[in-house]
K.L.:
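Let me begin by handing over the structure; questions about it come next.
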Amino acid sequence: MIVGIPVEVFPDELRVAATPKTIKRLRKQGFVVCVQKGAGQKAGISDDEFEIAEAILKETAAEIYQNSNIVLKVKEPTLDEISLMKEGIVLLSYLWPAQNSHLLDALANRKINAISMDSIPRITRAQKMDVLSSMANISGYRSVIEASFYFGRFLNGQITAAGKVEPAKVLVIGAGVAGLAAIGAANSLGAIVRAFDTRKEVAEQIASMGATFLTVQIDEDGATSSGYSKEMSPEFIEAEMKLFLEQAKEVDIIITTAQIPGRQAPQLIMDYHVQAMKSGSVIVDLAASTGGNCQLTKNGEVYTTSNGVTIVGRVNPLPNQASQLYGNNLCHLLDDMGKAENFKIDMEDAIISRAMVTFNGTINWPPAPLQVSPSAASGEKKNNLSPEMLAIQAQKKSKKAAVSTLLGLCAVGILLLLVGGFAPPSFIQHFTVFVLAIFVGWQVINNVSHALHTPLMAVTNAISGIIVVGGLLQTKYELSNPMTVLACVAIFVAFINIVGGFLVTHRMLNMFRK
């Protein structure tokens with residue numbers, strides 16, 4: 001199968017759908033890769049680099065569209081580009097189907113099987129294909145770099161012989177992928193970082209990145225099953241605007257990241273917020289392309305207001321890095337579709353069926369909602385029961401649990417009576433210590449937080465060391481002696497526990513190293 005990568009025709013699109021590294025990966029997947037000459041020029045990738053990666057260079061876009069089975073693009077195609085595509089071709093590209101219904105009509109008329117990369121569902125299995133997240137990560141990081149450039153001062157605090165420099169205060173609005181990337185970058189540069197989000201569930205994520213979570217005194221959560229925020233109540237928005245005004249008077253940099261695909265970005269920073277900011281402050285609006293979170297943002301422009309606030313409506317997308325990440329997303333999707341040897345459009349697949357916006361001449365948009373998981377469905381069924389039925393079910397379960405516990409205690413009691421009636425006194429003494437050790441060990445392990453399991457392993461390793469020493473002392477008998485056999489088994493099991501404990505501890509400690 002042939003994969004084609006054409007030149008992006010929009011002048012403001014600097015990315016390319018494949019890099020030399022991803023082309024090598026595509027070739028390992030069994031694809032023949034054709035690249036239009038000059039496709040990587042804006043991203044700083046020469047044609048020679050593509051040739052070294054064993055891509056076949058083509059002169060025109062028509063050659064790419066007519067000879068390829070699969071076409072990888074970044075920006076949505078124009079009507080002229082669609083007219084060049086052959087029937088049945090598979091197109092992987094940004095399409096924004098909710099906003100570009102005319103493109104869907106044109107693609108369906110040409111019987112082009114189009115996958116909208118911006119419509120990949122946000123489920124666990126699809127994270128490696130989520131282009132919105134990979135691009136948001138870059139823009140979040142870059143927003144802090146550009147904000148510091150226009151701010152023109154240190155972000156971190158310093159105490160020097162010449163005097164004290166106060167750290168900059170940064171407010172990040174929206175704690176999605178871009179927001180968290182911005183928080184991490186600003187915190188690493190030494191700024192005092194605050195973050196706001198309507199979803200209460202992100203408070204821990206914000207705190208873990210080193211920022212202070214800001215909220216309003218209204219008990220309302222903006223979280224939804226789609227991963228994006230919902231529209232809040234007028235009371236919440238009023239309190240939100242008041243909070244932003246207080247913060248605008250204090251902070252030096254505001255970075256806004258709130259946007260929902262297919263919809264206009266919500267306006268969060270109004271003109272009176274900008275007027276309240278100090279001269280020299282900076283606003284970086286990552287939602288500028290969809291209307292902007294700031295009321296005064298100009299898409300694609302950077303300008304300074306009358307009171308000295310710089311509003312940044314464009315951010316350098318780091319095209320080379322972005323092309324690499326986008327190309328990786330595409331490769332992951334092609335992996336999922338069977339590579340070249342077993343390539344298949346499986347409309348039963350949860351990812352493909354929701355991202356394939358046109359298929360065999362028909363428009364497949366909007367997609368069907370994701371099915372509820374069996375556990376969730378059973379939970380919903382349970383919640384639909386009346387309170388009386390729920391109470392009856394709870395009573396039955398408690399009775400069953402009590403009966404099971406009683407039978408278990410009786411069985412253990414009978415076993416202990418038999419052991420006590422026939423076993424020698426020395427065995428009873430050791431058996432008692434054995435039972436107590438099991439009970440104490442169970443209580444220790446069961447009541448320790450997961451976060452403390454690593455130091456707990458150090459304790460268990462020490463206990464295992466005692467077992468090893470005790471086992472060695474019991475190996476003085478002949479190998480045929482049962483005592484020697486049991487001692488060897490104890491030494492072996494304790495050795496496994498010690499080695500495993502050290503390996504797990506080593507891996508967990510590496511998680512905290514940069």
Side-chain angles (χ1 to χ4, degrees), residues 14-15 74 94 117-118 120 122 127-151 155-156 168-199 201-214 222 227-229 244 247 251-261 265-266 268-269 281-294 297 299-300 302 310-326 328-329 514:
L14 308 180
R15 294 169 293 177
V74 181
Y94 278 89
M117 295 304 297
D118 50 275
I120 296 289
R122 289 198 157 179
Q127 287 181 350
K128 59 187 177 182
M129 315 163 198
D130 190 350
V131 297
L132 297 180
S133 293
S134 58
M135 297 300 105
N137 185 38
I138 293 176
S139 61
Y141 169 82
R142 186 64 190 181
S143 66
V144 176
I145 303 302
E146 300 212 13
S148 64
F149 171 76
Y150 291 109
F151 184 52
L155 289 192
N156 65 321
K169 296 176 182 177
V170 178
L171 171 63
V172 179
I173 300 177
V177 176
L180 292 174
I183 291 170
N187 185 59
S188 65
L189 291 175
I192 297 173
V193 188
R194 304 163 183 174
F196 175 87
D197 198 290
T198 58
R199 300 166 296 170
E201 62 190 26
V202 301
E204 290 184 5
Q205 298 175 35
I206 290 171
S208 68
M209 298 294 290
T212 301
F213 178 60
L214 302 178
Y228 297 101
S229 299
F244 291 161
Q247 292 299 316
V251 300
D252 303 294
I253 297 171
I254 296 178
I255 298 172
T256 63
T257 69
Q259 53 183 335
I260 301 174
L268 304 173
I269 302 298
S281 299
V282 179
I283 297 174
V284 180
D285 194 342
L286 295 183
S289 61
T290 54
N293 296 139
C294 178
T297 297
N299 184 28
V302 179
T310 301
I311 301 179
V312 181
R314 69 164 187 265
V315 174
N316 187 323
L318 303 180
N320 192 289
Q321 181 74 73
S323 298
Q324 179 63 43
L325 293 179
Y326 182 70
N328 286 340
N329 294 139
K514 290 187 178 180

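Numbers here are sequence positions counted from 1.
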K.L.:
Okay, side chain of Gln205, backbone of Ala175: is any donor-acceptor separation there less than 3.5 Å?
P.N.:
no
K.L.:
Given Leu180 and Val172, is the side chain to side chain contact (heavy atoms under 4.5 Å, CB included) satisfied, shown in steps?
P.N.:
CA-CA 9 Å; Leu180 292 174; Val172 179; over 6 Å; no
K.L.:
Go through the structure and list residues passing salt bridge (Lys or Arg N to Asp or Glu O under 4.0 Å) with Arg314, not counting sequence neighbours.
P.N.:
none
K.L.:
Please name the residue in the list Thr257, Ile254, Asn293, Asp197 that meets the side chain to side chain contact (heavy atoms under 4.5 Å, CB included) test with Ile173.
P.N.:
Ile254
K.L.:
Evaluate the criterion side chain to side chain contact (heavy atoms under 4.5 Å, CB included) for residue pair Ile255 and Val144; output intermediate values, then yes/no.
P.N.:
CA-CA 8 Å; Ile255 298 172; Val144 176; 3.7 Å; yes
K.L.:
Please identify each residue that fulfils side chain to side chain donor-acceptor pair (under 3.5 Å) with Ser139, with sequence neighbours left out.
P.N.:
none
K.L.:
So do the side chains of Ser281 and Val251 get within less than 4.5 Å of each other, counting heavy atoms only?
P.N.:
no
K.L.:
Atom OH of residue position Tyr141 - does it have more than 12 heavy atoms of other residues, nucleotides or ligands inside 6.0 Å?
P.N.:
no
K.L.:
What I'd like to find out is whether the side chain of Met135 reaches to under 4.5 Å of the side chain of Leu325, using heavy atoms alone.
P.N.:
yes
K.L.:
Is there a side-chain contact between Arg142 and Leu318, using heavy atoms and a 4.5 Å cut-off?
P.N.:
yes
K.L.:
Val302 and side chain to side chain contact (heavy atoms under 4.5 Å, CB included): which single residue from Ile311, Val284, Thr310 fits?
P.N.:
Thr310
K.L.:
Test side chain to side chain contact (heavy atoms under 4.5 Å, CB included) on Val131 and Ile120 and set out the steps.
P.N.:
CA-CA 8 Å; Val131 297; Ile120 296 289; 5.8 Å; no
K.L.:
Report yes if the side chains of Ile283 and Val312 come closer than 4.5 Å at any heavy-atom pair, otherwise no.
P.N.:
no
K.L.:
If you look at every heavy atom in Ala287 and Ala258, which pair is closest and at what distance?
P.N.:
CB-O, 3.7 Å
K.L.:
Which heavy atom of Ala322 sits nearest a heavy atom of Arg15, and at what distance?
P.N.:
CB-CD, 3.7 Å
K.L.:
Cut-off 3.5 Å, side chains only: do Ser289 and Asn299 have a donor facing an acceptor?
P.N.:
no
K.L.:
Compare every heavy atom of Leu14 with every heavy atom of Pro317, then report the nearest pair and how far apart it is.
P.N.:
CG-CD1, 4.2 Å
K.L.:
If you round to the nearest 0.5 Å, how far is CG of Asn328 from CE of Met129?
P.N.:
12.5 Å
K.L.:
Using the six-membered ring wherever Trp is involved, compare the ring planes of Tyr326 and Tyr94 and label them parallel, tilted or perpendicular (cut-offs 30° and 60°).
P.N.:
parallel
K.L.:
Indicate yes or no: at least one non-hydrogen side-chain atom of Phe196 is less than 4.5 angstrom from one of Phe244.
P.N.:
yes
K.L.:
In Å and rounded to the nearest 0.5 Å, what is the CD1 to CD distance from Ile269 to Gln247?
P.N.:
10.0 Å
K.L.:
Heavy atoms, side chains only, cut-off 4.5 Å: are Ile183 and Ile206 in contact?
P.N.:
yes
K.L.:
Give a yes or no answer on whether the side chain of Asp285 reaches the backbone of Cys294 with a donor-acceptor pair at less than 3.5 Å.
P.N.:
yes
K.L.:
For the OG atom of Ser143 and the CD1 atom of Ile138, what is their distance to the nearest 0.5 Å?
P.N.:
12.0 Å
K.L.:
Please check this pair: side chain of Asn329 against backbone of Lys128, looking for a donor-acceptor N/O pair closer than 3.5 Å.
P.N.:
yes
K.L.:
Answer yes or no: is there a side-chain heavy-atom contact under 4.5 Å between Asp252 and Val282?
P.N.:
no
K.L.:
When you look at Leu214 and Leu171, which way does the side chain to side chain contact (heavy atoms under 4.5 Å, CB included) test go after all the steps?
P.N.:
CA-CA 9 Å; Leu214 302 178; Leu171 171 63; 3.8 Å; yes
